[in-house]
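Predicted model, so just to flag it, every value in this text is computed and none were measured.
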Amino acid sequence: MHLNKQNLSMRSSWWKILTIALLAYTLTAGLLLDVPRLPILNETIRALHFHVTMWFGMIIMLVVAVVYSVKYLRSNDLKHDDLAIEFTNAAILFGVLGIVTGMLWAKFTWGDYWSGDPKQNASAIGLLMYFAYLVLRNSLTDVHQRARIGAVYSIFAFAAFIPLIFVLPRLTDSLHPGNGGNPGFNAYDLDSKLRLVFYPAIIGWALLGTWISSVRVRLRRVERKIEDRLINQVS
């Protein structure tokens, strides 16, 4: 019986083991493997494995949050709202980390942490939209009202966020690759060495965000049960 429980535990935790392995690989390979020597970028291109992949992970988590927001609006089940808010929280965390790593990369390639680049500004505005989402939710006391308004806000925020960071910068002059007439990385030499780290890194960050979200969802549900018991005892 004890062995069966251990086997079930290992089977349910395989993705956590994969997360640790992928992120360990990202850190070591991203910092130590040889990289192509592109003009201006040189060694700083290693930031690609952190700055860009964290933002890809963030977008994946925001998509999941939107899916659960829609599910809540269709079912009024707070379990869906728990997942929506915690995936959004994790996405915001990776968005902030992505901006910080991007600022460090910009300092070495563009000469300044923040140059007012359209994509930098759009990314900052996008994050502020989601900070406003958290403020809005925390200002509401009724649980279902908070979940309902939060779900609607999440859907519309995501609909505005994607064109804000992917479409609008392409219409203006931007230093970022693929924007403002600049060629993307594929037009340079995003060779197999970079891809060997780049794609596993996206999966690793997305899985880490899922791990963080799942832990916080469990905590949120435990807190709700405790609150319900206290209310029942008082009543």
With no hydrogens and no angle check, is any side-chain donor or acceptor of [X] less than 3.5 Å from a backbone partner on [Y]?
{"X": "H80", "Y": "Y68", "answer": "no"}
{"X": "D112", "Y": "S115", "answer": "no"}
{"X": "W105", "Y": "T44", "answer": "yes"}
{"X": "R74", "Y": "S69", "answer": "no"}
{"X": "S154", "Y": "G150", "answer": "no"}
{"X": "R221", "Y": "K79", "answer": "yes"}

### Message
For a quick check under 3.5 Å, do T53 and W205 share a side-chain donor-acceptor pair by atom type?
### Response
yes
### Task
Would you please say whether a donor-acceptor pair under 3.5 Å links the side chains of N121 and W114?
yes
### Task
Quick one: which residue pairs count as a side chain to side chain donor-acceptor pair (under 3.5 Å) with a foot in residues 85-94, not counting sequence neighbours?
E86-N89, E86-R216, E86-R220
### Message
Please determine whether side chain to side chain contact (heavy atoms under 4.5 Å, CB included) holds for the pair I59 and F166, giving the CA-CA distance in whole Å, both sets of side-chain angles, and the decisive distance to 0.1 Å.
### Response
CA-CA 11 Å; I59 292 169; F166 286 116; 3.4 Å; yes
Report the distance from atom [atom1] of [X] to atom [atom2] of [Y], rounding to the nearest 0.5 Å.
{"X": "L196", "Y": "F198", "atom1": "CG", "atom2": "CZ", "answer": "12.5 Å"}
{"X": "L18", "Y": "W211", "atom1": "CG", "atom2": "CH2", "answer": "10.5 Å"}
{"X": "I20", "Y": "W15", "atom1": "CD1", "atom2": "CH2", "answer": "10.0 Å"}

### Query
If you look at every heavy atom in G95 and W55, which pair is closest and at what distance?
O-NE1, 3.4 Å
#### Entry: Shortest non-hydrogen separation from L127 to I92 and the atoms involved
CD2-O, 4.3 Å
### Query
Under 4.0 Å between a Lys/Arg side-chain N and an Asp/Glu carboxylate O for D81 and R137?
yes
### Task
Would you list the pairs meeting ring-ring contact (aromatic ring centres under 6.0 Å, His included) in which at least one residue belongs to residues 115-143, sequence neighbours left out?
Y130-F161, Y133-Y153
### Query
Where do R218 and V215 land on the side chain to side chain contact (heavy atoms under 4.5 Å, CB included) test, with the steps shown first?
CA-CA 5 Å; R218 288 199 296 271; V215 171; 3.7 Å; yes
